Amino acid sequence: MALIHFGDSTLGTARAWLAGLSQRQQAISDNIANIDTPGYQARSADFETELQRQLGRYNGALATTDPRHIAGGSRSEGQLGMQRAQLLVSGRRDRNTVDIDAEMVTLAETQMQYQAAASALNTQFDIIRNVIRG
Amino acid sequence: MGLINAIASTSSGLQAQRVRMDVVGANVANIDTTRGPEGGPYQRQIVRFAAGGGGMPFAQLMSRFSEQPANGVVLTQVATDTTTPNRVVYDPSHLDADADGYVELPNIDLVSEMTDLTSANRSYQANVTVLNAVKQMALRALDIASR
């Protein structure tokens, strides 16, 4: 990721965020396409936990050598990683576990987060452009 | 790219639901057909869906991030419903009535066909919603750094 050379990891983070969100979108599309497939197991994409872990590694997390120290950088692991209760047992006779309501909520959420990530990226590019123009 | 795959999945869903609606249409149109392609009364047709891409676990899909093909849904078969019995009504004036005046009509129940139609319709709408969302996201991605 050569873009990180621009100064900080915001560009890389936004990029990883967008990639993760498009993976989640892929999972939602598959789930909705298979809403009437007998025995289909709904899938989900949890990338935030891993993203957060990676951010903690590169974002200059402060070492805590004393229990009273406050860890800088990223917060505790998994704070962003949302876990939604997965429907593992289906109430349907065809054993399909796609929960249409949950999928639609995730869809709306993913859409908004994608816009937020794109906006963050745009803002960052604006900053860089301003710096270049002087 | 994830979003393009998402569109492919959704379009397979749209296609599958449309074929399902076609099959329902054929069933309803033939609800009183006493001479089907195999001689006897028309037999109800049913669709069979299967998950595309073999339904791999997500971790495996993630590891093949870039060359990951679209999954979606596959319409594997339009089969004949052999479990539901034909309807038999007493109508001696019918041209295909037997010696006792009974006519064998197709094994189609209008109520279950209509339920199937509504279900296909709703699933189609859900796929359209997803498609619109993906489209907006893709447009948003095209917007990045375009100012």
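A quick note: this is a predicted structure, and the numbers were derived from the prediction, not measured. Here is the naming used below: chain letters follow the sequence lines, and residue numbers restart at 1 for every chain.
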Check each atom of [X] against the heavy atoms of chain A and say whether the ones under 4.5 Å are side chain, backbone, both or neither.
X: B/Arg48; result: neither
X: B/Gln17; result: side chain
X: B/Thr129; result: both
X: B/Ala16; result: neither

List the steps, then state whether side chain to side chain contact (heavy atoms under 4.5 Å, CB included) holds for A/Tyr114 with A/Gln25. CA-CA 10 Å; A/Tyr114 199 90; A/Gln25 184 56 46; over 6 Å; no
Quick one: which of [options] has the most heavy-atom pairs under 4.5 Å with chain B, could you say?
options: A/Ala33, A/Gly39, A/Ala108; answer: A/Ala33
options: A/Ile100, A/Asn31, A/Leu21, A/Ile32; answer: A/Ile32
options: A/Asp36, A/Leu121, A/Ile35; answer: A/Asp36

Looking at [options], which has the largest count of heavy-atom pairs under 4.5 Å with chain A?
options: B/Gln136, B/Gln15, B/Arg140, B/Arg20; answer: B/Arg140
options: B/Ser12, B/Ala50, B/Ser119; answer: B/Ala50
options: B/Val74, B/Thr10, B/Val73, B/Val134; answer: B/Val73
options: B/Leu131, B/Val47, B/Asn127; answer: B/Asn127

Distance, nearest 0.5 Å, that separates [atom1] of [X] from [atom2] of [Y]:
X: B/Glu113; Y: B/Thr118; atom1: CD; atom2: OG1; result: 11.0 Å
X: B/Thr83; Y: B/Ile46; atom1: OG1; atom2: CD1; result: 6.5 Å
X: B/Arg44; Y: B/Asn30; atom1: CZ; atom2: CG; result: 13.5 Å
X: B/Asp100; Y: B/Tyr90; atom1: CG; atom2: OH; result: 8.5 Å

Are A/Asp126 and A/Arg129 close enough for a salt bridge, meaning some N to O gap below 4.0 Å? yes
Check this for me: B/Leu95, atom CG, are more than 12 non-hydrogen atoms of other residues, nucleotides or ligands nearer than 6.0 Å? no
Between the side chains of B/Gln43 and B/Asn86, is a donor N or O closer than 3.5 angstrom to an acceptor N or O? yes
